[in-house]
Amino acid sequence: MSETFSFSVGGMTCAACAARIEKVLSRLPGTQARINFANERASVTFDDSVTSIEDVISAVRRSGFTVQEQSVDLQLTGMTCASCASRIEKVLNRVPMTRANVNFATERAHISFVPGIADPAEFIGRIEKTGFGASIIKEALSSDSSENRAALWRKERNGFLLTLALSLPFFAEMIGMFSGHMEMMPRWLQFVFATPVQFFCARHLYQRAWKAVRTGSANMDVLVVLGTSIAYFFSASVVVMGLQQPVYFEASAAIITLISLGRLMEAKARRKTGAGIERLLKLQPPVAHVERAGQIVDLATEEIRENDIFVVRPGESIPVDGEIVDGVSEINEAMLTGESIPILKRPFDTVFAGTMNANGALRVRATGVGANTALARIVKMVEQAQGSKASIQKLADRVAGIFVPAIIFIAFFTFVVGLSVTGSATWSVVSAVSVLVIACPCSLGLATPTAIMVGTGLGAKLGILFRNADALEHAEKLTTIILDKTGTLTEGKPIVSDVYPEPGVSEEELLSVARALEQSSEHPLARAIMDFTHFPEQKLPVVTEFQAVPGLGVRGKIDGDVFFAGSPRFLIQSGIKIDEQFTDSLEGDEKTVIVISSTERILGYLALADKLRPDAADTVRALKQAGIKVVMLTGDNHRVAAAVAQTVGLEDFSAGVMPDQKAATVEKYRVDGGVVGMVGDGINDAPALAAANVGFAIGAGSAVALETADIILMNSELSGVLDAISLSRATLSKIRQNLFFAFVYNIIGIPLAAFGMLNPVFAGAAMAMSSVSVVSNSLLLNRWQPKNRNFL
């Protein structure tokens with residue numbers, strides 16, 4: 001049967017690329033393809049009996065092109081344990097070319113898919129057929145999640161209070177049993193009180209258990225429903241038939257009550273795990289003062305449009321990203337940088353949503369609104385990190401996937417063996433019920449994500465943004481950290497410190513040529529020369545045939561002659577003789593030298609200095625004390641690199657490394673079996689950041705940094721690397737403790753229950769407390785704080 005679908009193709013640079021893709025796809029059996037280079041779309045018809053969608057996509061990717069993907073986040077409802085999340089994830093991943101990650105703690109699904117093959121409506125439909133609910137999360141900057149958690153807590157609270165009211169007589173009777181008074185309530189009255197608890201208060205358990213069984217799976221609800229139903233119907237049969245057997249109405253009622261209490265405590269604790277996101281959400285004011293037709297009107301922040309002019313009064317938060325049009329004030333940017341000292345802002349300076357205006361009135365032009373603000377991107381990144389899944393979670397997922405069927409088998413085996421050994425149906429039923437009740441995979445599902453939610457939220461509060469859970473997990477395992485020099489060990493703001501024109505060349509001539517050559521370059525050294533020189537545009541020589549040589553310098557023609565501006569090595573490679581003794585002496589003073597020359601003569605030398613970060617040496621020392629190998633990479637020459645390395649206490653460094661060679665250096669350390677971290681500014685170091693196991697980008701609010709690295713240090717301090725590693729270690733420690741709690745309850749409790757040594761009521765209490773203890777232990781992570789830099 002023939003199928004046709006279309007998708008977007010990336011990486012095509014000409015019509016020949018489109019023709020090549022068509023040729024590759026035509027080789028697949030029963031396949032015809034048409035590639036439109038103009039709109040980068042592919043339309044493919046194939047015979048699904050011999051070719052699959054995966055074959056088509058793989059063929060395109062093998063040809064060196066990309067199939068553009070989209071992602072969608074869904075809010076899920078109805079999950080009760082880790083096996084529910086595992087089931088939804090399995091259903092979604094059956095869709096071709098789809099990668100789904102379902103997080104039980106955040107009740108979210110993050111799905112990456114190829115448009116044309118699947119769409120969000122299909123995902124929602126599949127989830128609903130499985131018995132759960134799903135809706136698209138449209139805005140990153142939204143308080144819906146916190147409101148949903150609050151609503152869930154209120155619902156659980158009301159359900160628990162009703163269940164408790166109906167179960168109080170049973171708890172009173174249980175207390176009486178401990179004091180030697182048996183069955184203080186008539187059995188028929190127990191039957192009356194237990195029935196609404198079983199079928200009204202626990203109706204949601206039956207509904208979810210039925211949905212699970214109907215789709216061919218089992219979850220925690222199935223275990224609870226089986227256990228309590230066996231206890232209830234056994235007791236009801238005794239009452240109706242007038243038998244002289246013990247009844248267990250109090251067990252079924254108490255179990256349901258304790259489970260309701262556990263879910264209430266869990267819901268309350270899970271509200272706190274989202275506190276980091278909620279703090280970020282509250283930073284953006286709900287109302288902004290916007291200029292409309294010469295008047296100031298108050299509008300909801302989401303109604304601001306790009307280029308709108310708005311007013312920020314003293315003491316107010318800035319509603320969206322913008323550029324100051326009028327006014328001077330100090331802005332507290334602690335939410336972005338973690339630095340509490342306000343920064344003086346003037347016209348043309350950029351301000352960010354959620355930052356606090358201190359003492360002046362400002363008129364600001366909106367440049368980033370809605371999901372395009374730095375705050376929204378941060379919230380989105382934190383939400384994705386909290387919803388992602390660490391590798392350590394895979395063990396829990398595998399266990400949860402087989403846990404419920406295994407427990408049902410153990411309970412059945414307990415009943416059969418107990419009946420054959422003891423001959424007592426009552427003892428066997430009670431033991432089987434205890435096994436069913438104590439076995440709860442909830443804590444397994446909560447062990448990892450709750451700790452990750454707290455850890456990433458805490459990091460966001462301190463200006464440490466983890467892109468995903470793997471970054472959080474790998475940071476604690478780092479064996480090697482590679483540091484870029486410029487902008488990482490140094491402040492990244494070089495300044496021209498000395499100007500040395502050659503005899504017969506004026507300083508004005510030297511600087512005008514330098515500015516003319518460097519004005520088209522984006523290199524930090526070029527920016528420093530531009531900041532140092534000030535010439536009217538009409539007085540600058542005209543440069544043609546400009547060319548930038550990465551890591552070395554620039555060249556261009558002025559009045560037909562070729563001119564150079566770059567490192568001494570660049571000039572030597574270009575066949576120009578320079579005063580190497582003079583440049584060596586400058587480089588020995590930790591200065592970078594730029595030589596300005598034509599093919600005929602040297603015009604002069606510029607010396608640039610870039611101050612070391614105040615925390616550079618302490619950070620390097622702390623990393624080395626922690627047993628982490630520290631390496632420096634720089635495109636600068638060997639003398640400057642050696643001087644910087646000696647100052648900060650580094651023995652291992654590489655100089656003259658071009659940007660494309662940095663990634664190869666990272667790969668070399670990875671091949672040696674290490675877990676490698678790369679610390680850079682997130683722009684020139686992008687390939688190396690991507691090649692590392694963990695990429696750290698230093699840059700407050702840099703859009704490029706936000707898109708490049710695994711961990712973003714918003715406070716622009718190198719010591720943030722230490723904080724990130726410390727927080728990673730603290731979080732992973734909590735995860736391991738949580739997994740211990742999750743497993744130990746079952747490892748100890750199931751055998752005790754199977755041997756009849758655990759009353760069903762105590763089993764229910766232990767089951768509820770396993771989840772509560774895991775979530776509460778994760779919340780203890782909030783006590784973590786950055787310490788002195790020797791804490792690693």
Side-chain angles (χ1 to χ4, degrees), residues 323 346-350 485-487 490-580 582-583 585-587 589-611 634-637 640 658-659 681 683-684 702 704:
E323 182 182 87
R346 299 180 175 89
F348 305 109
D349 286 344
T350 300
K485 180 180 77 71
T486 304
T490 66
E491 293 183 347
K493 297 177 182 178
I495 59 172
V496 176
S497 59
D498 304 284
V499 179
Y500 301 99
E502 285 287 275
V505 179
S506 69
E507 183 173 307
E508 182 178 355
E509 180 185 359
L510 172 63
L511 293 177
S512 65
V513 172
R515 182 180 178 91
L517 288 170
E518 298 286 14
Q519 64 183 350
S520 297
S521 174
E522 291 298 325
H523 194 279
L525 298 180
R527 297 298 93 195
I529 293 173
M530 294 295 292
D531 291 339
F532 183 76
T533 58
H534 300 282
F535 293 95
E537 191 69 28
Q538 59 270 21
K539 286 191 176 183
L540 288 177
V542 177
V543 177
T544 60
E545 299 182 26
F546 172 84
Q547 182 184 5
V549 182
L552 292 174
V554 298
R555 65 166 65 95
K557 283 188 175 182
I558 298 176
D559 296 330
D561 193 9
V562 178
F563 281 75
F564 304 85
S567 67
R569 182 166 58 133
F570 179 48
L571 274 291
I572 293 171
Q573 290 178 359
S574 301
I576 296 172
K577 188 176 181 179
I578 66 171
D579 186 346
E580 293 187 57
F582 179 60
T583 58
S585 66
L586 291 175
E587 290 169 350
D589 293 332
E590 298 184 23
K591 293 182 179 179
T592 300
V593 180
I594 299 294
V595 186
I596 313 298
S597 174
S598 69
T599 52
E600 302 296 330
R601 61 172 181 156
I602 300 289
L603 298 183
Y605 304 85
L606 302 181
L608 294 92
D610 188 5
K611 290 196 306 182
T634 178
D636 220 329
N637 64 79
V640 172
M658 298 297 100
D681 61 12
I683 301 173
N684 297 326
S702 166
V704 177

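Start at 1 with the first residue, then count along the sequence.
Applying the salt bridge (charged side-chain N to carboxylate O under 4.0 Å, His left out) rule to Asp349 yields no partners; only residues at least two apart in sequence or on another chain are considered.
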Less than 3.5 Å apart, which donor and acceptor atoms pair up between the side chains of residues 500-510 and the rest of the protein, not counting sequence neighbours?
{"residue": "Ser506", "atom": "OG", "partner": "Glu509", "partner atom": "N", "Å": "3.1"}
{"residue": "Glu509", "atom": "OE2", "partner": "Arg601", "partner atom": "NH2", "Å": "3.2"}

List the atom pairs, with distances to 0.1 Å, where a side-chain N or O of residues 558-574 and a protein N or O form a donor-acceptor pair under 3.5 Å, not counting sequence neighbours.
{"residue": "Asp561", "atom": "OD1", "partner": "Thr599", "partner atom": "OG1", "Å": "2.8"}
{"residue": "Ser567", "atom": "OG", "partner": "Phe570", "partner atom": "N", "Å": "3.2"}
{"residue": "Ser574", "atom": "OG", "partner": "Phe570", "partner atom": "O", "Å": "2.8"}

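Using a 4.5 Å cut-off on side-chain heavy atoms (C-beta onward), Asp610 and Leu608 make no contact.
When all heavy atoms of Val496 and Ala528 are compared, the closest pair comes out as CG2-O, 4.0 Å. For the residue pair Glu518 and Val554, the shortest heavy atom distance occurs at OE1-CG2, 3.9 Å. Contact between Ala516 and Leu540 at its shortest, heavy atoms only, is N-CD2, 4.4 Å. Looking at every heavy atom in both residues, Pro541 comes nearest to Ser512 through CD-O, 3.9 Å.
Taken to the nearest 0.5 Å, the OG atom of Ser597 stands 3.5 Å off from the CD1 atom of Ile602. Here the straight-line distance linking atom CE of Met530 with atom CD of Gln519 works out to 5.5 Å at 0.5 Å rounding. Distance CZ/Arg555 to CZ/Phe546: 10.5 Å, rounded to 0.5 Å. Within the model, atoms CD1 of Ile594 and OH of Tyr605 stand 12.5 Å from one another, a figure rounded to the nearest 0.5 Å. Here Leu511 contributes atom CG and Leu606 contributes atom CG; the two are 6.0 Å apart, rounded to the nearest 0.5 Å.
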